[in-house]
Structures are given as structure tokens and as C-alpha cells.
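Dropping the structure in here first, questions after.
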Amino acid sequence: MIRSLQNKMVLSLFLLILMLLAAAVISTLEFRKIGESVDRVLTNNYRSIEAAKKMTDALERENSGLLLWMIGDRDAGLDTILSSHTIIRNAIREAKKNITEADAPRLISNITEAYGHYHASVLAITGNEWIPEDAKEQYDREAQEPFFRAKKAVNKLMMLNQEQTYRQSCSIQESSRRAMMPAFVSIVVAVLFSLLLYYFIRLYFIRPVQHLTESIREYYPEKGRLDAGIVSRDEFKSLEEEMNKLISRLLHKREQNNE
Amino acid sequence: MVRYRVVIKYLGYILLFNALFLFIAAMISFAHQENSLNALLFSAVVTAIMGSFPQIFVEKIEEISFYEGLTISVLGWILTCVVGMTPYIIWGGEFTLANALFESVSGYTTTGSSTLTNVEILPKGLLFWRYSTTFIGGVGIILFVLLVLPEKKGVQSSFYRSEVSDLSKMSFRTRSRHIVRIIATVYFSLIIAETILLKILGMSFFDAICHSFSTIATAGFSTRNLSIASYNNIWIEIVIMIFMLVSSMHFGLVYATMTRQKFNIFTSRPTRAYMGVIVAGILLVTLQLTHEKFFGFGESLRYASFQVISLASTTGLVTADTSVWPVFSIILLCYFTIQCGMVGSTAGGIKFDRIYLFFQSVSKQLKLILHPNGVYAVKMDKQVIEQDLELQIMVFILLYIVTFTITTLLLAAMGIDGMTAFSASIATIGNVGPGFGEVSSFGNFAHLPDAAKYLLSANMLLGRLEIMNVFALFMMAGRK
């Protein structure tokens, strides 16, 4: 049991500070989580989605390039194929750098495999010096299936990242709530704490002062002891005791003077 | 006269007790690396701080008055429920303000109604906190505090008077200071025994302990969305049925049975009558389910037994969708939802003993009409019930009916259908859990308007505090 009023006050303020510190730490941790989530969404997921989009566009362009080559516009077709190939390779590299999901490496590996297969068949067709008579059949037979497979894998990667982006957005929303709530709870609790502190100050500080003042006002030497009715064992009790000692010393002095 | 500093000091103790469980939940969350850690830890710290603050200023208390005990008891429950919702509301998810309060009140009052549509996604730490509320609420926060506080006799007896009903004290054939220990012994023994049995029968340790908390506290929370039905294991159901039944009986009698005393659950007349009514209920529901070809006889008996015991004991765990059962069975189950378990147990509601005494009192009045000069007494296990207590029981039953009627009307005024409104009212005031209609055994309270959730939360608290205490406190405040 703490008896000293000073210690009581210090300890109360320490508790208040501790609570505010806890709120600050929890809010900071949650804000850091928000930062990490935003980073994941913007830096990784968004880049992966962009890379997947580039892959889809480039795949379509490479396929158009092949068709151009097949209808006779060989140079334009080859240029398109080569530029698209570069874009796809870069996009795959980009996607590999921004893996956030457990399933992403498998999907990227599927894309690489299917695209490699497709690109090899494109090169096989365009490797001829002239346009073969069965070019369309060769395209249907060798290029079409890996083309659709690669496109499907790219779409899956894009969907995976889009879902992850959605989940991260929800998580950001939750985290922002979790970051705000400790502050909100702290405000409410701090208000309650202050009201309680006011009550205790009134009960243990102001009321004893009032009682002491009142008992001093109503005191006359014939009463003997000064009784302020203080039951606590704190500084006010000491003050009451010291005042009684002072009174007895004064009374003693007066008696001596009278003699 | 109520000394507020005394009330504040004891409310502080109650907060500290809650903080202890919040810390344990936070540790579980930490061990599982969950996102509920911050919410639980922060709630624990704040609760501990608010609990220790009054201890700094207020001196040791030698004695408290009955009114102070009553005030601490009622305010303690309200404060506990508010504190209990803090981790939920910080964590978020499905927990809006109304949902968090509802879930917290439902846990502490051991009602077991829920606003959650998917319990299985909750982190383990938060789940543990959810079950801790039922664990604390089962025996009652005040009795728990009494158990751990090294306070004077004067303090203990005032708390005891305000927390334990007069009717409940009758079956404790021992001195009041031993009663808290008896209650705790029975409570912990049953929890340990059930946890071991459920673990042996294939539940994970976490599920086993959570379901034990839920069963012995007659709460009805489950870690699974489909409650006990998700295990589809008849042995688990039998074990849970036995423990639900035992937990709904007077703990003094359960203790007497455990210690092989003469006056026990098998010799107590009200307890035998209680078991008889339950058996009759099971048989009637079984026969109707079989007759209406819902299930074969064996399955009907299995589901009827579980549902009747679950509702009669106010637990509310579930193995079947009772909302599709025939009307007669639903009415019978509604009766058990109103009747509830026995006094001196963890069950809520009117309590079977009061209904038992009510019928005796009715019989006495009828006899007095026939023989005006006759002397008749209402008895419970050979103990004569005093006129005051008899009247108190009648008033309690009347107040209970008035309260759930008003709640039903208010819910209906909010646009909720009749069956849902009625069953939600009786299920919450009786601290049972599931109702019928939209709040049936496999349903939940999520879709109800926020105002309805607040109203039902108040209903649960009224039921847990046995209505009279709350009204007595209001009267006391009004008189002042």
C-alpha cells in the first residue's frame, strides 16, 4: 500500500504515460504494417500485373507478326516478332523480380515453358527462306496450342496478382482501423482516467485540506487536540499531527508565560 | 450509503482479473504469430492500467455493505462486458461496435449467441479470448474475484449475498465461506475431465479446452461454424451431453455426488424431477421426429437428446438444424429455453427449481381455496420455503415474462418476424444462445439491426444478473 501522496501521484501519471505509450507503439506497428502492405501492392503486385499485361500484348503482337510474315509481309512480320520477343523476355524477368505469392513461381515457370515452346515454333516457321505451302497447317499444328497455353498462364498470373491486390487493399483497410482504434480507445480511457484522477484528487487532496481548514477555523484552545478527521496515513495525517504538536507547544508556552 | 471509492477499488480488481486472461490470449496470439496480437496486448495493457489505478489510492477495505456489494456486482458485469469487447473492436473483421458488444456480452453471460458468420477465420488468440469470457462468466466474475482476493470475511459475505440467490444457497449444506471453494472445485474438475475426454475422442487440444469451457459454463460457443455437428462423432456428442447436463445442476449437489455424500443429485427431489422432465422432452421430440419421418428412431433419439439437453442446460451447442423440425418439437424446445437449468449451476434463465416451486405454490393456493384453514407449506428437499422467498420466486417469474414480452414487442417493432423476435428474446434472456426462425441453431444474429443487437445484449445481461438485482439497484439509485 502506497502511503505517500507524492508517490501516488507519480505512479498515477506513470500509468497514464504507460497507456499512451502502449497506444503509440501499437499504432506505429499497425502503421508500419500499412506501409508494408502498400509497398507490396504498389511495388510488387502492381508491377507484376503490369508485366502480365505487357506479356499479353506482346504475345498478341508476336502472333500478329507471325501472321504478317505468313501473308507475305516478311520484314515487318520479323521486326514485330523480334520486338515482341524482347518485351516478353523483359516482362518475364520483371515478374520474376516481384514475386509475392507462393503460387507465382510455378505460374511464371509455366509461362516461360509455354512461351519458349511457342517462340520456338514461330522461329521454326519463320526460319524458312520462303513461305511454306502448308504454313497455315504448320501454325495450327505447332504454334497455336503453346500460344493459348502461354496466354492462359499469363492471365492466371495477372488474376493471382489482382486477387492479391484486392486482399492487400482489404488488409490496408483493416490495418488502418487497427492503427486508429488504439488511439480512439486511449482517448476514451484517458478521459475516464482523468475523471477518476479528479475524483481521487478531490477525495484525497482537496477534502483533507478543506477538513483541516474547517477544523482550524473552528478550533479553540479548550478543545485540546485539533481533529480534522483524517483517516489516511499520508502527508495530510503528518500535517495534522504536526499541527497538534505545534498547538501543544504553544499551549505549553502559554502556560509557562502565565506562571 | 454507497462508498464510491470502494466500488471503484473492486471494479479495479475485476479489470485486473480480465487483464490476466487478455495477457494469456495475447501470448497464444504471439505463439501463433497472428494479427490479433496487437489488439489483445493493447487491451491487456489498458485493462491492467485501469485496474491498478484505483489500487494506488484506495486503502484496504475491511467491510462492505450489501448495497455496495450489489453495486459492484451489477457494475462489475457491465464493465467487464465493455472491456471484453475491446480486443474485438480493435481487431476488426466482422466486429462492428454492436457486434463486438454483442459477442462480449454473449460470452460473459454464457449465452453463446453469435453475430459471426465465419468463426473459423478468427485467430487462435482471439478465439481463446472469446472462450475466456465464457470461462470467467460461467462461475461469475465476482465469485472468481472472491476466490483470489485475500479479503476480510465482511467483504466476502456481502459479495456472496449479492451474487448468489437465496434459493441457490439452500442446496449448499455447508458454511458460506466454503461455498466459493466448492463451486470452483466442481467447475475446474468438470473442465479438466471433459477436456481429457474430448482430446481422447479426437479433438485437438485447443478445440477440446475451448469446448470444455463452453460446455461447463453452459455457453455454447464453438470453434466450428457448424458447432458440434461438424465433428459428426456420436461419442463426442455423448460426452458433451453428459457434461452439459451435469453443469446445469446445482454445483453443491454435484460436489456432494463427487464426494459420495447422501444428499446428492440422485436423492434431491427437484434434480430428479428436472432429469425426468428432460427425459420426457427427449422422448416426445424423438417420437415426433420418427413419426414425421425426419430420421430413423436411432438418429431421432441422438439429435433430440442433444438438442433438448443443450437448450435445457442453456448451453446452445448444436448437432442439427432445429428450425426445420415439426412445430410441436419447436414448442417443446421453446419451453426448455424458458425453463433452463437449475439454480446453483452455470445455467441462466428462470431455472427449473423456480418452476418446481411455482407448481407447488399453485397447488398450495388451490388447496387453500378448498380448505381455507389448512396449513400447507411449499418445500424443496424437505426444507420449507418461507413466504417471502415464495413471493420472490413468483415476482421473479412475472418479471422474467414481462421482460421477454417487452423485448419481443420491441424486436417486432424493428421489423423482425414473430418467431425470430420471440425466440431471440427467450434465448437471450435465458442465456441459452440459439433460437428459431432466422436465429436458429445453424443461423446467427449477424443480420439483425444494430438496435436489436444492443437490446438483446441488455437482455442477456438482465438474464445473467437474474433481473431482480438490476431492478433493485435502479430502485436503490432512484430512492437516493
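To find a chain, count down the sequence lines: A is the first, B the second, and so on, and within it residues start at 1.
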Is the number of heavy atoms from other residues, nucleotides or ligands under 6.0 Å of A/Lys96 NZ greater than 12? no
Checklist entry - More than 12 foreign heavy atoms under 6.0 Å from CZ of A/Arg167: is that the case here? => result yes
Got more than 12 heavy atoms from elsewhere within 6.0 Å of CZ, B/Arg5?
-> yes
Min side-chain heavy-atom separation A/Leu196-B/Met50 under 4.5 Å | yes
Measure the shortest side-chain to side-chain distance between B/Phe42 and A/Met181 over non-hydrogen atoms and say whether it is less than 4.5 angstrom. no
Value for CZ (B/Arg3) from CG (A/Leu203), rounded to nearest 0.5 Å, stands at 11.5 Å
The interface call for B/Ser43 against chain A, heavy-atom contacts under 4.5 Å, is neither
So, the part of A/Leu5 with a heavy atom under 4.5 Å from chain B: the answer is neither
dist A/Phe184:CZ -> B/Ile90:CD1 (nearest 0.5 Å) comes out at 10.5 Å
Look at the rings of A/Phe193 and B/Phe53 and say which category their plane angle falls in: under 30° parallel, 30 to 60° tilted, over 60° perpendicular. parallel
Q.
Go through it in stages, so that I can follow the logic: the residues are A/Tyr204 and B/Val58, the test is side chain to side chain contact (heavy atoms under 4.5 Å, CB included), and I'd like the CA-CA distance, side-chain angles, deciding distance and then a yes or no.
A. CA-CA 9 Å; A/Tyr204 292 99; B/Val58 186; 4.1 Å; yes
Comparing A/Ser186, A/Ala22, A/Pro182 against chain B, the one with the most heavy-atom pairs below 4.5 Å turns out to be A/Pro182
Give a yes or no on whether the backbone of A/Tyr199 and the side-chain of B/Tyr4 come within a donor-acceptor separation of less than 3.5 Å.
-> no
Turns out that what part of A/Ala23 lies under 4.5 Å from chain B's heavy atoms comes down to both
The interface call for B/Leu37 against chain A, heavy-atom contacts under 4.5 Å, is neither
_A/Gln6 atom CD, neighbour heavy-atom count above 12 within 6.0 Å_ = no
Just wondering, do B/Ile56 and A/Asn7 contact through their side chains at under 4.5 Å, heavy atoms?
no
dist B/Asn38:CG -> A/Arg178:CZ (nearest 0.5 Å) comes out at 8.5 Å
query: Is it the case that more than 12 heavy atoms not belonging to A/Arg225 sit under 6.0 Å from its CZ atom?
result: no
The reported gap from CD1 in B/Ile49 to CG in A/Leu18 (rounded to nearest 0.5 angstrom) is 4.0 Å
